[in-house]
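Throughout, a chain's letter reflects where its sequence line sits, starting with A, and its residues are numbered from 1. Keep in mind that this is a model prediction, so the values were computed, not measured.
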Protein chains: 2
Amino acid sequence: MSQNSRKILSEHSVSITNPRILVLEALLDFGNPITIDELQLKLGDSVAKSTLYRVLNDLKKINILNEFTSPDNSTVVELILEDHSHHHHLFCSDCGEVIDVELSEEFEIMLTKEIQKVQKKFNFEITDHRVEMFGLCTEECANCKKN
Amino acid sequence: MSQNSRKILSEHSVSITNPRILVLEALLDFGNPITIDELQLKLGDSVAKSTLYRVLNDLKKINILNEFTSPDNSTVVELILEDHSHHHHLFCSDCGEVIDVELSEEFEIMLTKEIQKVQKKFNFEITDHRVEMFGLCTEECANCKKN
DNA sequence: AGCATAAATGAGAATTTATCTCATTTTTTT
DNA sequence: AAAAAAATGAGATAAATTCTCATTTATGCT
Ligand SMILES: [Mn+2]
Ligand SMILES: [Mn+2]
Ligand SMILES: [Zn+2]
Ligand SMILES: [Zn+2]
């Protein structure tokens, strides 16, 4: 069952170790952006705290992990897999859920044009962008306090 | 000279104290988004560390301070003044500078439409959004290491 | 202006999150 | 299988933010 993670590790020529497999499996299994808190919970004491942070840095170094900060200041990580295309994030201000969102191609094109204007205006070289959306999940949410 | 900050405080009915005036003056004077580090430097020891954080929270509470995290994980704050319209941010990955950017009205309209689609799709109530752009300042920049 | 009350401050302790150190264990190479 | 290199675990350390509490300051009312 850990074939996926072993493959990922060997493809990036980093040595195959138990903590790395466990962290990758947890991320693959969860499938969504996850806070480091939640990740630690999922892993229990199978991976030492210091090792978890080290492994996450390793994954960032080989460019298969994306890290960002949620509006309530927790650190969120997500795997960047082959089929993982450019996307953005939607945050629930209540329960803290983070959802992947793909915006339309037309929109991304318009944003790119807009960014070109910004580059010129500020004499910047813009290499990346991020669109973040904040609100409340109105669905049946077990975690949302508001229900 | 501290009339601006006194006015801001009284308009929001929070008591007028020296630390609050000093922090507001520093923010007004700098005029741009500023990291808490830099703000502490500007203030020297005129305001205690604990008080600075408290005052920033006070300003957040009365909705005249915006706080966000820069890509290098420093906390950035900026005043929200009357004339301060909806805008976004551009970050230099090298020197850490944060620049206010207004995007075109057409773009914001398109983004709003895009967000409406997202709301429906995920059954969310989206109340706010943020566009962040990352890159390098190519201008003469005293702080950029690359030069 | 002076007093009473409520609110804010300063100093440092405590908490939280992340990194670092180093002896030991595991992985890789030979 | 042995040697060399790399990674790990446990705990120490560091940085950022919040908390505690005794003292000071601001406000509202004589
Ligand atoms: Mn994502
Ligand atoms: Mn701004
Ligand atoms: Zn929710
Ligand atoms: Zn720069």
Of all the heavy-atom pairs spanning A/V101 and A/H87, show the shortest one and how long it is. O-CB, 3.3 Å
The criterion is side-chain hydrogen bond (donor to acceptor under 3.5 Å, both in side chains); which residues satisfy it with A/N63, sequence neighbours excluded? none
Would one find a side-chain N or O of A/S15 under 4.0 angstrom from OP1 or OP2 of C/dT26? no
If you compare every side-chain N and O of A/Y53 against the phosphate oxygens of C/dA18 (OP1, OP2), does one of them come in below 4.0 Å? yes
Side-chain donor-acceptor contact under 3.5 Å, A/E114 with B/S104: yes
What is the distance, to the nearest angstrom, from the CD1 atom on A/I62 to the P atom on D/dA6? 16 Å
Carboxylate-amine/guanidinium proximity below 4.0 Å for B/K7 and B/E11: yes
Nearest-angstrom distance from the residue atom CG of B/N73 to C1' of D/dA16: 11 Å
Listing time: all N or O pairs from protein to nucleotides 10-16 of chain C that are below 3.5 Å?
from   : atom 1 : to    : atom 2 : distance (Å)
C/dG10 : OP2    : B/A48 : N      : 3.4
C/dG10 : OP2    : B/T51 : OG1    : 2.6
C/dG10 : N7     : B/R54 : NH2    : 2.8
C/dG10 : O6     : B/R54 : NH1    : 3.2
C/dA11 : N7     : B/S50 : OG     : 3.2
C/dA11 : N6     : B/S50 : OG     : 3.2

Rounded distance (Å) that lies between atom C1' of C/dT17 and atom CG of A/L39: 14 Å
Flag for B/H86-B/E108: side-chain donor and acceptor within less than 3.5 Å: yes
Nearest whole angstrom, please: distance from the P of D/dA26 to the CZ of B/R20. 11 Å
Bend of the helix from C/dA1-D/dT30 to C/dT30-D/dA1 from end-axis comparison, five pairs per end, nearest 10°, comes to 40°
Any A/F124 side-chain heavy atom under 4.5 Å of B/L136 side chain: no
Can you tell me if B/E125 and A/T138 form a side-chain donor-acceptor pair at under 3.5 Å? no
Between B/F91 and B/F68, what is the ring plane arrangement, given parallel below 30°, perpendicular above 60°, and tilted in between? perpendicular
Does B/I16 or B/D37 map to a spot on DNA chain D nearer the 5' end, using the closest nucleotide for each? B/D37
Is the closest side-chain donor-acceptor distance between B/D37 and B/T35 under 3.5 Å? no
In whole angstrom, what separates B/I21's CD1 from C/dT9's P? 10 Å
Rounded to whole Å, CG of B/N18 lies from P of D/dT27 at a distance of 12 Å
Atom-pair distance (CG on B/D58; C1' on D/dT18), nearest Å: 13 Å
Rounded to the nearest angstrom, tell me the gap between atom CG in A/L43 and atom P in D/dT8. 13 Å
